[in-house]
Amino acid sequence: MLPSLGRWQLRHLSIASLSYWAALAVVKLTPAFIGGWKVTPDGQHGSISATLGDGTLLKVTTLRDAAVIWSGAVSLATLALWVAGPPLVLWFFWLIAASRTRRDARNAPAELGSGDVMPLYQPGRVRGEVPVSRRDARR
């Protein structure tokens, strides 16, 4: 199970980003690969063309016997948002959550660790004396 977002490390962010990009590639490029696969068998006549320009970053068209099997185009802004948008948003929220986690850790009492309980009554102690460290609290 993954830790909370504030406790993620760089490897968690990297794995999340790579997983997102792999899923994006599968979802967006599978129809293009299927169209290309239909053109490549022996005995088939077809072509695959890719062009740059006209306000689009990339336009790909797959033809078989002069009929369009698959066509797709994407603009530069859309491609940039698909590729960089979600990982940058995740990184931004991770920075916020990590800074809150560090701030909460700084504000926690230093002499007590997680699960440690300092008793209210300690026999043999001078009244009003406050332990300074965990070692002093155990005496």
Distance-only check: which donor-acceptor pairs under 3.5 Å involve side-chain atoms of residues 21-34, not counting sequence neighbours?
residue: W21; atom: NE1; partner: V83; partner atom: O; Å: 2.6
residue: T30; atom: OG1; partner: V26; partner atom: O; Å: 2.3

(message) Applying side-chain hydrogen bond (donor to acceptor under 3.5 Å, both in side chains), can you list everything that pairs with S75, at least two apart in sequence or on another chain?
(response) T78
(message) Grouping I, L, V, M, F, W and Y whenever their side-chain heavy atoms are under 4.5 Å apart, do L90 and F92 come out in a common cluster?
(response) yes
(request) Report the hydrophobic cluster partners of I15, with the cluster defined as I, L, V, M, F, W, Y residues connected by side-chain heavy atoms closer than 4.5 angstrom, directly or transitively. (result) none
(request) Not counting sequence neighbours, which residues clear side chain to side chain contact (heavy atoms under 4.5 Å, CB included) with I69? List them please. (result) K38, V39, T62, R64
(request) For V68, check side chain to side chain contact (heavy atoms under 4.5 Å, CB included) against everything at least two apart and list the hits. (result) T61, L63, S71
(request) Please list, chain by chain and in numerical order, all residues satisfying side chain to side chain contact (heavy atoms under 4.5 Å, CB included) with A80, sequence neighbours excluded. (result) none
(request) Could you walk me through whether I48 and W70 pass side-chain contact (heavy atoms from CB on, under 4.5 Å), step by step? (result) CA-CA 9 Å; I48 300 172; W70 184 84; over 6 Å; no
(request) Ignoring hydrogens and angles, tell me if any N or O in the side chain of T40 forms a donor-acceptor pair with the backbone of W37 under 3.5 Å. (result) yes
(message) With clusters defined by side-chain heavy atoms of hydrophobic residues (ILVMFWY) lying less than 4.5 Å apart, directly or transitively, does I96 cluster with L88?
(response) no
(request) Among residues two or more places apart or on two chains, list those pairs meeting side-chain hydrogen bond (donor to acceptor under 3.5 Å, both in side chains) that have a residue in residues 79-92. (result) none
(message) Are Y20 and L18 linked, directly or through intermediate hydrophobic residues, by side-chain heavy-atom contacts shorter than 4.5 Å (ILVMFWY only)?
(response) yes
